[in-house]
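These notes concern the structure reproduced below.
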Amino acid sequence: MDFQPYFKPLETTSQTKHSLGSGMVALSGSVDLGDFKMALMFVPEYRHSAKEGSIDSQSLVDSVCRLYSHHADPTKILLLGELILGDSAGDTESALTHIVDELLKKRVLPIIVGGGRELTYAVYRAFAEEEQIVNVCSVDPFLNIETNNTPSYIGRIIKEQPNFLFNYSNLGYQTYLVNPEELKLADELYFDTYRLGEVRGNIAITEPVIRSSEIFSLSIDSLKSSDFSGALNPQPNGLYAEEVCQMLRYAGIGEKLKAVVISDVGHLTNLSDRLLLAEMLWCLVDGLNVRKSELPSSRNDSFLKYRVSLKDDEFQLVFYKSLQTDRWWMEVPVPPEYANKYRKHHLIPCGYEDYQQATQDDLPDRWWRAYKKML
């Protein structure tokens with residue numbers, strides 16, 4: 001596929017040795033996708049949003065290029081450019097879906113920086129067209145299931161048939177911004193929701209959630225406005241810059257991750273905002289550079305296997321701990337009739353706290369929700 005007609009070209013700058021710019025290549029006719037593990041693009045589509053914004057894409061690229069990589073063989077980045085918007089928001093979504101689909105087929109990680117959070121729907125459609133069941137993780141003060149009685153992007157997804165969404169996780173929703181009925185619906189669908197107060201100061205609990213997801217969607221609205229003033233819908237409360245950077249690094253490390261959306265960038269007129277967004281992208285790239293592919297197995301000496309009996313030996317939970325990374329997984333039995341459909345959800349990422357909960361004869365909520373979704 002020739003991507004050039006879809007994009008306004010951007011230039012790579014700062015070719016200083018060890019800088020990200022030295023490993024970033026602008027889109028051209030001679031580019032081979034097989035040389036890259038990630039592709040960066042900008043999508044200033046705001047027509048699904050109540051507010052308008054703008055992205056100074058070239059200035060942001062300049063800021064990213066000046067940052068340094070500390071890896072001997074850093075990942076090369078393909079700079080696709082700025083997507084040329086369609087006549088309607090739907091046209092832009094269709095083009096983005098097509099582009100993401102092509103990148104996924106080539107095992108290239110699309111990184112999308114753009115306008116409204118509805119861009120995540122276009123990314124989901126790329127997976128749906130390949131009939132791949134996916135998990136979506138969003139960092140967002142809103143749940144995105146329904147907004148003013150109108151389906152937001154998760155609402156649009158769950159109403160589609162056939163449906164390929166296995167799980168939706170929201171990290172950092174702010175209770176006063178969420179309709180109680182929307183939160184109740186999320187619980188009935190066995191989605192994972194974490195209040196801002198649960199996440200703040202305890203970012204480590206987000207790692208298993210992020211690790212289980214193919215699509216990671218981060219809204220700039222989730223940051224405190226004092227840390228990022230140029231969000232599309234700035235909030236007085238939210239996550240700190242360091243916390244969001246850590247979560248993006250978790251995303252890069254997660255071996256299941258296949259697409260990243262950073263949305264709700266309002267205006268990048270503030271130098272500090274632009275530098276922070278560049279550092280967020282650096283954290284994502286840095287995580288990808290140290291990514292380890294781990295598949296838990298009792299036959300693999302790199303893992304410890306734990307069996308925990310529950311309810312007077314009525315059944316057992318099986319946990320795995322990596323001796324290399326200290327990460328945890330647990331087995332969830334797949335009903336025989338769904339063995340092929342949900343085979344990749346047989347092992348789900350978890351945390352040490354889930355193992356501790358099981359040792360106290362208490363079924364982890366993460367296990368229960370995953371099992372119920374397969375019935």
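The closest side-chain heavy-atom distance from Lys224 to Phe228 is not below 4.5 Å. In this structure the side chain of Met41 never reaches within 4.5 angstrom of the side chain of Leu83, judged on heavy atoms. Two residues are said to be in side-chain contact when any heavy atoms from C-beta on lie closer than 4.5 Å; Pro333 and Phe315 fail this criterion. Inter-residue side-chain proximity for Val64 and Met24 is flagged as met; some heavy-atom pair is nearer than 4.5 Å. Taking 4.5 Å as the limit, every side-chain heavy atom of Ser213 sits out of range of all side-chain heavy atoms of Val136. Between Met330 and Val318, the closest side-chain pair of non-hydrogen atoms is not below 4.5 Å.
At most 12 non-hydrogen atoms from other residues, nucleotides or ligands lie less than 6.0 angstrom from CG of Asp73. Around the OH atom of Tyr371, the shell of radius 6.0 Å holds no more than 12 heavy atoms that belong to other residues, nucleotides or ligands. The environment of Tyr240 atom OH is sparse: at most 12 non-hydrogen atoms of other residues, nucleotides or ligands sit within 6.0 angstrom. Around the CG atom of Asp2, the shell of radius 6.0 Å holds more than 12 heavy atoms that belong to other residues, nucleotides or ligands. Counting heavy atoms of neighbouring residues, nucleotides and ligands inside a 6.0 Å radius, atom NZ of Lys305 exceeds 12 of them. Residue His18 qualifies as open at atom NE2: its count of foreign heavy atoms under 6.0 Å is 12 or below.
A distance-only check finds a donor-acceptor pair linking the side chain of Trp367 to the backbone of Glu331 [under 3.5 Å]. Judged by distance alone, with hydrogens and angles left aside, the side-chain atoms of Asp273 form a donor-acceptor pair with the main-chain N or O of Gly230 at under 3.5 Å. At distances below 3.5 Å, not a single donor-acceptor pair connects side-chain atoms of Thr16 with backbone N or O atoms of Ser19. Side chain of Asn163 to main chain of Ile157: a donor-acceptor pair is present (N/O by atom type, distance under 3.5 Å, no hydrogens or angles). Of the possible polar contacts, one joining the Asp227 side chain to the Ala241 backbone as a donor-acceptor pair under 3.5 Å is found. Between the side chain of Gln58 and the backbone N or O of Asp56 there is no donor-acceptor pair closer than 3.5 Å. At least one donor-acceptor pair closer than 3.5 Å links the side chain of Asn135 to the backbone N or O of Ser212. Side chain of Asn170 to backbone of Tyr173: a donor-acceptor contact under 3.5 angstrom is found. Between the side chain of Arg291 and the backbone N or O of Gly254 there is at least one donor-acceptor pair closer than 3.5 Å. Checked by atom type and distance alone, the side chain of Asn289 pairs as donor or acceptor with a backbone atom of Thr75 at under 3.5 Å.
Side-chain N/O atoms of Asp192 and Asn167 include a donor and acceptor closer than 3.5 Å. Remark: the Thr120 side chain and the Ser217 side chain contain an N/O donor-acceptor pair separated by less than 3.5 Å. Side-chain contact annotation: Gln357 with Asp362, donor-acceptor N/O pair under 3.5 Å present.
Across all non-hydrogen atoms, the minimal contact from Leu276 to Cys245 is CD1-SG, 4.2 Å. The nearest pair of heavy atoms linking Met247 to Thr206 is CG-OG1, 3.8 Å. Of all non-hydrogen atoms in Leu104 and Ala126, the two that sit nearest each other are CD1-CB, 4.2 Å. Here the closest heavy-atom approach between residue Phe36 and residue Leu78 is recorded as CD2-N, 3.5 Å. The minimum heavy-atom distance linking Ala278 with Leu60 is given by the pair N-CD1, 3.9 Å. In terms of heavy-atom proximity, Gly86 sits nearest to Arg47 at O-NH2, 2.8 Å.
A distance of 5.0 Å separates CZ of Phe3 from CE of Met1, quoted to the nearest 0.5 Å. Interatomic distance, OG of Ser219 versus CG of Leu171, reported as 12.5 Å (0.5 Å rounding). The line from CD1 of Ile112 to CD of Glu45 is 13.0 Å long, rounded to the nearest 0.5 Å. To the nearest 0.5 Å, atoms OG (Ser59) and CG (Leu277) are separated by 12.0 Å. Here the CD atom belonging to Glu182 is positioned 5.0 Å from the CD1 atom belonging to Ile145, to the nearest 0.5 angstrom. A distance of 12.5 Å separates OG in Ser222 from CG in Asn237, rounded to the nearest 0.5 Å.
Using a cut-off of 4.0 Å between Lys/Arg side-chain N and Asp/Glu carboxylate O, Glu294 and Arg327 are scored as salt-bridged. Ion pairing between Arg274 and Asp62 fails under the 4.0 Å rule for side-chain N and carboxylate O. Contact check on Arg156 versus Glu118 returns a salt bridge, with a Lys/Arg side-chain nitrogen under 4.0 Å from an Asp/Glu carboxylate oxygen.
Of the listed residues (Lys258, Arg125, Lys105), just one forms a salt bridge (charged side-chain N to carboxylate O under 4.0 Å, His left out) with Glu130, and that residue is Lys105.
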Give the intermediate values and the outcome of side-chain hydrogen bond (donor to acceptor under 3.5 Å, both in side chains) for residues Glu255 and Ser293. CA-CA 6 Å; Glu255 56 266 34; Ser293 181; 5.6 Å; no

Which is it for Val108 and Glu102 under the side-chain contact (heavy atoms from CB on, under 4.5 Å) test, yes or no, and what are the steps along the way? CA-CA 9 Å; Val108 178; Glu102 288 296 317; over 6 Å; no

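In this structure, Leu257 is not a member of the same hydrophobic cluster as Val100, with clusters built from ILVMFWY side-chain heavy atoms closer than 4.5 Å. Ile203 and Leu248 fall within the same hydrophobic cluster, defined by Ile, Leu, Val, Met, Phe, Trp and Tyr side-chain heavy atoms under 4.5 Å apart, directly or through other members. Under the 4.5 Å side-chain contact rule for hydrophobic residues, Leu40 and Ile220 share a cluster. Two different hydrophobic clusters hold Phe191 and Ile210 under the rule that ILVMFWY side chains link at heavy-atom gaps under 4.5 Å. In this structure, Ile84 is not a member of the same hydrophobic cluster as Leu119, with clusters built from ILVMFWY side-chain heavy atoms closer than 4.5 Å.
For the pair Lys321 and Tyr355, the NZ or CZ position fails the cation-pi test of under 6.0 Å to the six-membered ring centre and within 45 degrees of the ring normal. A cation-pi arrangement is absent between Arg369 and Tyr190 under the rule of less than 6.0 angstrom and at most 45 degrees off the ring axis.
Between Trp328 and Tyr306, the distance separating the two ring centers is shorter than 6.0 angstrom.
In this structure, the ring-ring contact (aromatic ring centres under 6.0 Å, His included) partners of Phe303, at least two apart in sequence or on a different chain, are Trp329.
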